[in-house]
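Proteins come first, then strands; the chains are lettered A, B, ... in the order of their sequence lines, and each starts at number 1. Reckoned from all heavy atoms, side chains included, excluding hydrogens, waters and symmetry mates.
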Number of protein chains: 2
Amino acid sequence: MSDSSPTTNPAARPATAVPGTGGPRSAGTRRAILDAARATFAARGYEQATIRAVAARAGVDASMVMRYFQSKAGLFTAAVTMDLQAVDLRSAPPSDRGEQLVRHFVDRWEDPRQGDDLIAMLRTAATSETVAGQLQAVLSQQIAGPVAAALGDDGAAERAAFIATQLLGLALCRYILRFEPLASLPATAVVAAVAPSVQHYLA
Amino acid sequence: MSDSSPTTNPAARPATAVPGTGGPRSAGTRRAILDAARATFAARGYEQATIRAVAARAGVDASMVMRYFQSKAGLFTAAVTMDLQAVDLRSAPPSDRGEQLVRHFVDRWEDPRQGDDLIAMLRTAATSETVAGQLQAVLSQQIAGPVAAALGDDGAAERAAFIATQLLGLALCRYILRFEPLASLPATAVVAAVAPSVQHYLA
DNA sequence: CATGTTTGCCAACACTTGTTGACAAACGGA
DNA sequence: TCCGTTTGTCAACAAGTGTTGGCAAACATG
């Protein structure tokens, strides 16, 4: 006690909180809010997603969301912060690397957990320069990194950029705009169709 | 006279209005509002673009925007309605059709007039199912049409969908997210790099 | 049990949004 | 000149937003 005001000190952790979750408050509520935020941001985009909608989905009050995360922007950052592991393209023969890269990304998008993060991020990046920068950083690690590691640094940035156009365009049309017949095709067919295009940028 | 209430009847056109513009009010103001709306929607997206911002940019009052176009949605539709002429792929040898298609689209995006329309539409489509449907209709006419005309109907819809992923992904990364080094490359270099990918989907 | 902390809910504030209506100035025809 | 229509401005409304503070219950600790 006498440390500082309890409301503003995130280090004051109650006994019921699970250590290691990173949050100062109830772990269950925090997780419920984060899950609801992910789903809401992914489904409606940043502006359309209201704090009240997130709170309702999580079964708590809107002011709870504010106490757990300090602002809507903070909630978005916390909800969308993910640790994706990058591919190691060197483990595959050069002719298979395009397909490997596409499959890796499609797997991420199809995964309900990580996919919602990416969809929310992509949706928001279209209207927020800040998030666009974050997305570029993620893609730099996810694409430019492995490409440079596998091919060397000459022109890797350009190659990665063009690969990003193909992969983001696929995500946009299939998961956000839901263009038919693309959205209904099985994932394997999509991977098979797009792989040669990415392979071309790698060669 | 005695027809109906003048405020709600769009057919009542004053003598000062220019016939053929399609609008019942002053042609100059209408055009100023439409230009401002295009620029604002393209720059900030649908939700972020406020009627007051459009009005300020056009140099008129916000209520004027409402009287000319009945709602924000109506303004968006009027501002973003464009008539793009589709390519005729049959006029080129099959091996050049990919490049022709890409160049046609990049030319549209780079054109300040039509480009703003498309950027606004793409930005908005990411968060509005209605606009996503409109965009799909435009792309169907711009891509699926020429592809089916050139290659026949077998699998044309799928081919067009994959071509759309590449072309929309390029537009997203270059004109909206402004990823580097992609955004700074000359248009010719972009066309040359992306053309083989589209060509692959055509073959 | 008494106490202080945490959790959660309720109500409200300040602000912005799209939208509407009333009213003054310009303009054109009779 | 007079009058109706049109054009434009001002102020306001109703709804929804993120955000804040206060207050009651739960809960662990002494």
In whole angstrom, what separates [X]'s [atom1] from [N]'s [atom2]?
{"X": "A:Y68", "N": "D:dT19", "atom1": "OH", "atom2": "C1'", "value": "18 Å"}
{"X": "A:M66", "N": "C:dG8", "atom1": "CE", "atom2": "C1'", "value": "15 Å"}
{"X": "B:Q48", "N": "C:dT17", "atom1": "CD", "atom2": "C1'", "value": "12 Å"}
{"X": "A:K72", "N": "C:dT16", "atom1": "NZ", "atom2": "C1'", "value": "13 Å"}
{"X": "B:D61", "N": "C:dG21", "atom1": "CG", "atom2": "C1'", "value": "13 Å"}
{"X": "B:M64", "N": "C:dA24", "atom1": "CE", "atom2": "C1'", "value": "13 Å"}

Run the salt-bridge test on [X] and [Y] with the 4.0 Å N-O cut-off and return the result as yes or no.
{"X": "A:R174", "Y": "A:E110", "value": "yes"}
{"X": "A:R38", "Y": "A:D35", "value": "yes"}
{"X": "B:D88", "Y": "B:R90", "value": "yes"}

Please state whether the phosphate of C:dG8, meaning OP1 or OP2, lies under 4.0 angstrom from any side-chain nitrogen or oxygen of A:T29.
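Yes, such a contact exists.
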Between [options], which nucleotide gets closest to the side-chain atoms of [X]?
{"X": "A:R67", "options": "C:dG8, D:dT19, D:dT17", "answer": "C:dG8"}
{"X": "B:I51", "options": "D:dT9, C:dT19, C:dC9", "answer": "C:dT19"}
{"X": "A:S63", "options": "C:dC10, C:dT17, D:dG8", "answer": "C:dC10"}

Does any N or O in the side chain of A:R52 come within less than 3.5 Å of the main-chain N or O of A:A62, such that one atom is a donor and the other an acceptor?
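No.
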Please check this pair: side chain of A:S140 against backbone of A:Q136, looking for a donor-acceptor N/O pair closer than 3.5 Å.
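No, because the side chain of A:S140 does not come within donor-acceptor range (under 3.5 Å) of the backbone of A:Q136.
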How close do A:V102 and A:V198 get, heavy atom to heavy atom, and via which atoms?
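Scanning both residues completely, I find the closest heavy atoms to be CG2-CG2, 3.5 Å.
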What does the inter-axis angle of the helix from C:dC1-D:dG30 to C:dA30-D:dT1 come out as, five pairs per end, nearest 10 degrees?
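Answer for the end axes of this duplex: 10°.
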Which part of the nucleic acid, if any, lies within contact of A:A49, taking any heavy atom under 4.0 Å across all strands shown: a base, the sugar-phosphate backbone alone, or nothing?
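Sugar-phosphate contact only - A:A49 comes under 4.0 Å of backbone atoms but never of a base.
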Report yes if the distance between the aromatic ring centroids of B:F105 and B:W109 is under 6.0 Å, otherwise no.
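No - the distance between ring centres of B:F105 and B:W109 does not fall below the 6.0 Å cut-off.
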Taking N and O atoms by type only, does the side chain of A:R52 place a donor or acceptor under 3.5 Å from a partner on the base of D:dG18?
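Such a pair exists between side chain and base.
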